[in-house]
Amino acid sequence: MEREKTGIKKADSMMQGGLPKGSIISLTGPPGVGKSIFVLHFLLEGARKGQKCVYINLEEPRRNIDNMISQFNFSREFLRFVEEGKIVIKCYTYPEYEKLYSELFQKIKEDDNIQRLVIDSFNCFFSSMTNQESLNLPVEISSRRMINYAFSMLRKKELTTIAILEMHDSKHRFYYNIPYLVDGIIKLDFLELGTIERRIFIPKMRWTDQYRESRPYEISKKGIIIKEE
Ligand SMILES: Nc1ncnc2c1ncn2[C@@H]1O[C@H](COP(=O)(O)OP(=O)(O)O)[C@@H](O)[C@H]1O
Ligand SMILES: [Mg+2]
């Protein structure tokens, strides 16, 4: 199995060297836990290998993303890759996205250079994908059908995708399907008892004998650093 490194060393060692190439991974966890920072590492690592990486954000304006990047020691290198077009950042407001998601999908489909894709967040990405036909179907079937369509397109292309999934929706029937359909799940979480203790856990990773326990991590100017227990 070919692997794509996340760029977070100890995360890669938790899954036999990295994400299975061509897989679709869901990155989940509550707000503020470090999901967006995690994917910065993934994009940077891809760009370092000469891959074209695309980051689609449907929640925040570009300014927020730039502010986030500027926090970290790797920001200059990251921004150089953005200038060179190795890392493409696309921020859309929801109404913009609703108008052009099929066009966007088409573009991704046609661009054979893209090797890493990040969707921040999945929740928004798929909530637009309802059509008249699927509205008449039960939610489970129509959402499974939509996700299936999108996933089969991504799988054909052999690009490695991280889709950020906000957990607050996990009880919704639409999102209930996702853990079954993705190839892997990386969970970030924290205990909040007057102190923040962040932990990473990998409950699912197809084709991988992943690390069985959770590990603590910290966020600093270096980004995400996973620690040994
Ligand atoms: N320079 C930094 N040093 C330490 N922690 C930071 C730094 N920058 C951001 N953080 C932490 O990262 C969190 C935000 O991470 P983010 O990836 O945006 O979360 P998510 O996408 O999961 O909502 C903040 O709550 C803060 O605790
Ligand atoms: Mg985020």
Side-chain angles (χ1 to χ4, degrees), residues 5-12 14 19 24-47 53-79 81-82 87-94 96-97 101 104 116-128 160-172 175 178-179 182 184-204 214-227:
K5 288 195 163 70
T6 61
I8 302 169
K9 254 194 209 149
K10 286 201 173 122
D12 294 327
M14 289 171 81
L19 306 173
I24 300 166
I25 306 300
S26 147
L27 178 65
T28 72
V33 80
K35 300 183 295 298
S36 297
I37 298 170
F38 189 104
V39 298
L40 291 184
H41 289 279
F42 176 70
L43 296 165
L44 181 63
E45 178 66 24
C53 307
V54 176
Y55 173 75
I56 299 171
N57 190 301
L58 303 170
E59 313 245 87
E60 293 160 276
R62 179 59 187 264
R63 183 170 17 90
N64 283 14
I65 309 303
D66 290 339
N67 285 342
M68 171 172 67
I69 295 165
S70 70
Q71 301 259 341
F72 301 104
N73 293 343
F74 53 72
S75 65
R76 288 183 69 169
E77 187 188 7
F78 195 101
L79 293 172
F81 285 130
V82 173
I87 298 175
V88 179
I89 300 177
K90 296 271 187 197
C91 296
Y92 299 106
T93 63
Y94 211 54
E96 277 170 352
Y97 175 67
Y101 78 85
L104 183 68
R116 294 184 182 218
L117 175 68
V118 174
I119 300 165
D120 191 355
S121 72
F122 216 76
N123 308 52
C124 298
F125 197 72
F126 286 103
S127 50
S128 288
T160 308
T161 305
I162 295 184
I164 291 177
L165 184 65
E166 303 283 351
M167 287 307 280
H168 58 86
D169 282 326
S170 64
K171 289 200 183 70
H172 190 297
Y175 302 107
I178 294 174
V182 291
I185 301 170
I186 300 175
K187 272 192 178 178
L188 304 182
D189 212 339
F190 45 30
L191 311 168
E192 252 179 314
L193 298 164
T195 171
I196 292 178
E197 192 199 335
R198 303 175 197 272
R199 301 193 76 90
I200 177 170
F201 179 57
I202 306 173
K204 171 176 179 177
S214 70
R215 272 188 174 160
Y217 67 93
E218 276 172 4
I219 302 175
S220 69
K221 290 193 89 53
K222 291 182 188 161
I224 290 181
I225 307 281
I226 299 177
K227 300 178 297 177

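As the structure lists them, so they are numbered: ligands from 1, and atoms in each ligand from 1. Values below: all heavy atoms of this structure, side chains included; hydrogens, waters and symmetry mates excluded. Numbers here are sequence positions counted from 1.
- The residue from K222, Q71, K35 that puts a heavy atom closest to atom 8 (N) of ligand 1 is Q71.
- The SG atom of C91 sits 9.5 Å away from the CD atom of E96 when rounded to the nearest 0.5 Å.
- Here the side chains of V118 and I56 are not in contact, with every heavy-atom distance at 4.5 Å or above.
- Less than 4.0 angstrom separates some heavy atom of P31 from each of these atoms of ligand 1: 23 (O).
- Within the 4.0 Å heavy-atom cutoff, G29 does not count among the residues contacting ligand 1.
- Judged by the 6.0 Å and 45° rule, R116 forms a cation-pi pair with F42.
- Scanning S121, S220, G32 for the heavy atom closest to atom 24 (C) of ligand 1 points to G32.
- Atom CD1 of residue I224 and atom OG1 of residue T6 lie 9.0 Å apart, to the nearest 0.5 angstrom.
- D189 places no side-chain N or O within 3.5 Å of a backbone atom of G29 that could act as its donor or acceptor partner.
- The Mg ion (ligand 2) has S36 among its coordinating residues (N/O/S atom, backbone or side chain, under 2.8 Å).
- Ranking the protein heavy atoms by distance from atom 4 (C) of ligand 1 puts I219 O, 3.1 Å first.
- Note: L188 CG to F201 CZ = 12.5 Å, rounded to the nearest 0.5 Å.
- With a 4.0 Å cut-off on non-hydrogen atoms, R198 touches ligand 1 through its side chain and not its backbone.
- Closest to atom 12 (O) of ligand 1 among all protein heavy atoms lies I37 CD1, 3.3 Å.
- Distances between N or O atoms of G34 and those of ligand 1 include at least one value under 3.5 Å.
- For atom 18 (O) of ligand 1, the closest non-hydrogen atom on the protein side is S36 CB, 4.0 Å.
- Not one N or O on the side chain of E77 forms a donor-acceptor pair closer than 3.5 Å with the backbone of F74.
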